[in-house]
Amino acid sequence: MLRGNRFWTALAIICWSPFVISVAQSSVWQWSTTSSSNASSDPAINWRENQPPSSINDSARSMMAALASYRDDISGLLTTTGSSTAYLVTTNQGLCTAGSSVPNDGQQLSITMSATNGVSPTLLADTCNAYPIQSAAGVGVGAASLIQGSPYTFRFSVANSAWMLRDFYGSALTVPLGGLVPYTLSTVPNSNFVFPAGQCLSTTTYVTYWTALGTPASGSCPGGQFQIIDLSGRVPAGLDTMPGFSAANRLTSASTGCGTAMTSVGATCANGAQSYTFARSNLPNTNVAVTITDPGHTHSFTAVLGNPFSAATGGGGLTAATPSGGTTGSSTTGISAAFNLNGNVAQTAMPVVQPTVGVTYLLRVL
């Protein structure tokens with residue numbers, strides 16, 4: 001009787017061996033959209049015809065586990081490792097475990113970035129190959145587009161051989177690295193922005209922005225730091241020589257203009273000030289009419305005569321003598337003329353400020 005029980009037990013194992021639940025990982029990406037193919041598409045789930053009743057609960061629980069793994073893989077719970085240009089991620093589903101190094105077309109992952117990306121970043125999921133991250137077909141995502149600590153959704157494209165960012169550029173307000181934004185609050189929205197007040201920043205923390213600027217020297221900053229532009233009390237203006245274009249000659253180094261060649265970011269006009277005091281050389285040449293009034297005047301006269309009388313010859317009479325000379329007295333004319341262009345008032349500076357409203361500015365540095 002014992003031998004008979006062993007026989008039937010062995011026979012049952014042989015007959016039902018195709019339905020023994022495997023320890024392989026259950027993954028939604030292995031499932032088929034053709035229902036009849038799902039009997040064996042997932043090695044951890046048994047939904048074959050005539051499966052033993054005792055395997056149903058295991059299959060149902062395996063499906064629940066697979067769905068939970070899929071849920072967590074698209075929720076943003078995954079966090080990358082690796083570097084800012086070569087990201088690594090370990091999923092809950094275990095991609096590319098069926099002998100392929102290419103994820104399924106349309107495979108979706110939502111991942112939180114461990115570091116803000118550098119130039120031309122790639123993503124390697126599980127045992128798959130590393131593929132570039134693109135914002136559009138054939139267009140690599142720009143530096144500092146993926147922010148440390150922020151989640152992003154990726155969809156794998158076999159046609160592009162890349163992980164495509166989903167809905168990333170749906171907002172017209174996306175600010176590129178180095179972009180300026182007028183702002184009305186007194187605190188920055190997050191660590192990706194600073195108020196540009198000419199301060200020094202770390203070349204390590206902000207290496208992507210520093211590199212994009214051309215790795216400027218520390219200058220007046222301590223070693224390992226670089227200085228950003230200072231917009232305090234200044235109005236930004238376009239460079240006179242926009243990259244790729246010839247000089248417009250509107251803001252030049254001429255002493256009668258900007259006073260500084262406006263050819264590089266951060267240049268400031270030497271002649272830029274909020275007020276100005278006119279010099280005589282600034283006044284126009286002009287002829288000014290002056291009215292002169294003459295009140296009229298008189299002079300006194302003193303005559304000097306010789307002998308008033310002389311004896312006449314012959315007849316014995318007297319004749320008058322002619323004057324021998326005389327002088328006139330001095331007298332002022334009363335004529336005056338005066339002209340003073342500024343009326344003898346004190347010279348004061350005059351404002352030269354355009355109609356202006358104060359705001360803060362945000363500079364994206366991460």
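Along the sequence shown, residues carry numbers from 1. The figures that follow rest on heavy atoms only: side chains count, while hydrogens, waters and symmetry mates do not. On a predicted model such as this, the values are computed, not experimentally measured, just so you know.
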Nearest heavy-atom neighbours spanning [X] and [Y]:
| X | Y | value |
| --- | --- | --- |
| Tyr361 | Pro236 | OH-CG, 3.7 Å |
| Gly140 | Ser135 | O-OG, 4.2 Å |
| Gly198 | Gln227 | O-NE2, 2.9 Å |
| Gln199 | Val194 | NE2-CB, 4.0 Å |
| Leu213 | Pro216 | CB-CD, 3.9 Å |
| Ile133 | Phe154 | CG2-CE2, 3.6 Å |

Under a 3.5 Å distance rule, please check whether [X] uses its side chain to pair with a backbone N or O of [Y] as donor and acceptor.
| X | Y | result |
| --- | --- | --- |
| Asp126 | Thr91 | yes |
| Thr112 | Thr79 | no |
| Ser202 | Thr205 | yes |
| Ser55 | Pro52 | yes |
| Thr260 | Ala270 | yes |
| Asp240 | Met262 | no |
| Gln108 | Arg155 | no |
| Asn271 | Gly257 | yes |

[X] vs [Y] side-chain heavy atoms within contact, under 4.5 Å:
| X | Y | answer |
| --- | --- | --- |
| Val139 | Gln134 | no |
| Ser145 | Asn117 | yes |
| Leu77 | Asn92 | no |
| Pro121 | Ser84 | no |
| Thr263 | Leu239 | no |
| Thr211 | Val119 | no |
| Leu95 | Asp73 | no |
| Met113 | Ile147 | no |

Please verify the inter-ring angle class for Tyr183 with Phe195; under 30° counts as parallel, over 60° as perpendicular, anything in between as tilted.
tilted
Angle between ring planes, Trp210 versus Phe226, binned at 30° and 60°: parallel, tilted or perpendicular?
tilted
Enter the distance from [X]:[atom1] to [Y]:[atom2] here, rounded to the nearest 0.5 Å.
| X | Y | atom1 | atom2 | value |
| --- | --- | --- | --- | --- |
| Leu180 | Leu231 | CG | CG | 6.0 Å |
| Gln225 | Thr203 | CD | OG1 | 8.0 Å |
| Asn249 | Thr241 | CG | OG1 | 9.5 Å |
| Tyr206 | Ser191 | OH | OG | 7.0 Å |
| Ile45 | Asp58 | CD1 | CG | 11.0 Å |
| Phe156 | Asp105 | CZ | CG | 7.5 Å |

Applying side chain to side chain contact (heavy atoms under 4.5 Å, CB included) to Leu146 and Leu165, what does each step give before you reach the verdict?
CA-CA 10 Å; Leu146 308 174; Leu165 275 171; 3.7 Å; yes
I'd like to know if [Y] and [X] are part of one continuous hydrophobic network [Ile/Leu/Val/Met/Phe/Trp/Tyr, side-chain heavy atoms within less than 4.5 Å].
| X | Y | result |
| --- | --- | --- |
| Ile229 | Phe193 | no |
| Tyr152 | Val141 | yes |
| Met64 | Trp31 | no |
| Tyr87 | Val102 | yes |
| Val158 | Met164 | no |

Decide whether Ser110 and Thr153 meet the rule of one side-chain donor and one side-chain acceptor closer than 3.5 Å.
yes
What verdict does the side-chain hydrogen bond (donor to acceptor under 3.5 Å, both in side chains) test give for Ser114 and Thr80, after you've listed the backbone C-alpha separation in whole Å, the side-chain angles of each residue and the deciding distance to 0.1 Å?
CA-CA 5 Å; Ser114 57; Thr80 62; 2.8 Å; yes
Show, in sequence, the C-alpha distance, side-chain angles and deciding distance for Val235 and Gln354, and conclude whether the side chain to side chain contact (heavy atoms under 4.5 Å, CB included) test is met.
CA-CA 10 Å; Val235 178; Gln354 62 185 353; 3.7 Å; yes
